Amino acid sequence: MNDSQYIHLSHNVSNLVYHIVCSSKYRRVIFDDTVEEHLKQICLAIELRYDYIHFLEIGVDGDHVHFLVQSTPNYAPSRIVKEIKSLTARQLFAECPQIKKQLWGGQFWSDGDFIATVGKNQGKQGTKYKQLYFNI
């Protein structure tokens, strides 16, 4: 997990960073230190397996997780979230059996999620923007 960098592909150069928030099913407080460590190791394995998913930061807050993920424009953010949620859920159920007692329905993540793009230069003072006018 490192700082975002420009990703150079054959036909484009990009620096897309997404802030993704995923909640546990039923908003159960299941993320203790053990589960957090397993989650981070699983995310590192996902990063090795999928060349378009790079985790920059992972923050755990009891009943939800904040992922800062860098990707390329070739893949939709919804696909990235789907991959992360499905792979982490399967592995966490296998590695942390105590979670199954709290999540009796067999699902780890809630159905919804939050995703936003992140920019490094947002909010910097001294930036002057010129208004663009269209003659109609």
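Side chains included, hydrogens not; waters and symmetry mates left out as well; all remaining heavy atoms used. This structure is a prediction, so every number in the text was calculated from the model and none was measured.
Surrounding CG of D33 are at most 12 heavy atoms belonging to other residues, nucleotides or ligands under 6.0 Å away.
S23 pairs by the side-chain hydrogen bond (donor to acceptor under 3.5 Å, both in side chains) definition with R27, not counting sequence neighbours. Residues satisfying the side-chain contact (heavy atoms from CB on, under 4.5 Å) test with K25, not counting sequence neighbours, are L103, Q107, D111. Annotation: side-chain hydrogen bond (donor to acceptor under 3.5 Å, both in side chains) contacts of T88 (sequence neighbours excluded): W109.
Put simply, CG on D32 and CD on Q98 are 6.5 Å apart, with the number rounded to the nearest 0.5 Å. Taking CD of Q41 as the reference point, atom CD1 of I46 lies at 11.5 Å (rounded to 0.5 Å). Between atom CD1 of residue I42 and atom CD of residue E47 there is a gap of 14.0 Å, rounded to the nearest 0.5 Å. With rounding to the nearest 0.5 angstrom, the CG atom of L87 is 10.5 Å from the NZ atom of K82. One finds the CG atom of D63 at 9.0 Å from the CD1 atom of I30 (value rounded to the nearest 0.5 Å).
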With side-chain contact (heavy atoms from CB on, under 4.5 Å) as the criterion, how do N12 and T72 come out once you've worked through the C-alpha distance, each side chain's angles and the decisive distance to 0.1 Å? CA-CA 9 Å; N12 65 44; T72 62; 5.6 Å; no
Trace of the side-chain contact (heavy atoms from CB on, under 4.5 Å) decision for L92 with V35: CA-CA 7 Å; L92 283 171; V35 176; 4.2 Å; yes
E57 and H66: side-chain contact (heavy atoms from CB on, under 4.5 Å), yes or no, with the steps? CA-CA 8 Å; E57 291 181 15; H66 296 263; over 6 Å; no
Would I80 and Y50 count as a side-chain contact (heavy atoms from CB on, under 4.5 Å) here? Give the steps. CA-CA 10 Å; I80 296 166; Y50 294 92; over 6 Å; no
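Heavy atoms only, all atoms of each residue included: S110 and K85 are closest at O-NZ, 2.9 Å. Contact record, R28 with Q102: NE-O, 3.5 Å, taken as the closest heavy-atom pair.
V69 and V21 fall into different hydrophobic clusters, defined by Ile, Leu, Val, Met, Phe, Trp and Tyr side-chain heavy atoms under 4.5 Å apart, directly or through other members. Tracing side-chain contacts under 4.5 Å through hydrophobic residues (I, L, V, M, F, W, Y), one reaches F67 starting from V60; they form part of the same cluster. Under a hydrophobic clustering in which Ile, Leu, Val, Met, Phe, Trp and Tyr are joined whenever their side-chain heavy atoms come within less than 4.5 Å, directly or via other members, L16 and L9 fall into different clusters. Follow the hydrophobic side-chain contacts under 4.5 Å out from F114 and you never reach I58; the two are in separate clusters.
Checked against the 6.0 Å centroid threshold, F31 and F108 count as a close aromatic pair.
Side-chain N or O atoms of Q70 include one that pairs as donor or acceptor with a backbone N or O of Q5 at under 3.5 Å. S71 places no side-chain N or O within donor-acceptor distance of the main-chain N or O of I53, the cut-off being under 3.5 Å. Not one N or O on the side chain of D61 forms a donor-acceptor pair closer than 3.5 Å with the backbone of H64.
Residues F93 and I99 have side chains in contact (heavy-atom distance under 4.5 Å, counting atoms from C-beta outward). Contact of the Y18 side chain with the T117 side chain is registered, since non-hydrogen atoms from C-beta on lie closer than 4.5 Å. Side-chain contact between I84 and V81 is absent, with no heavy-atom pair separated by less than 4.5 Å.
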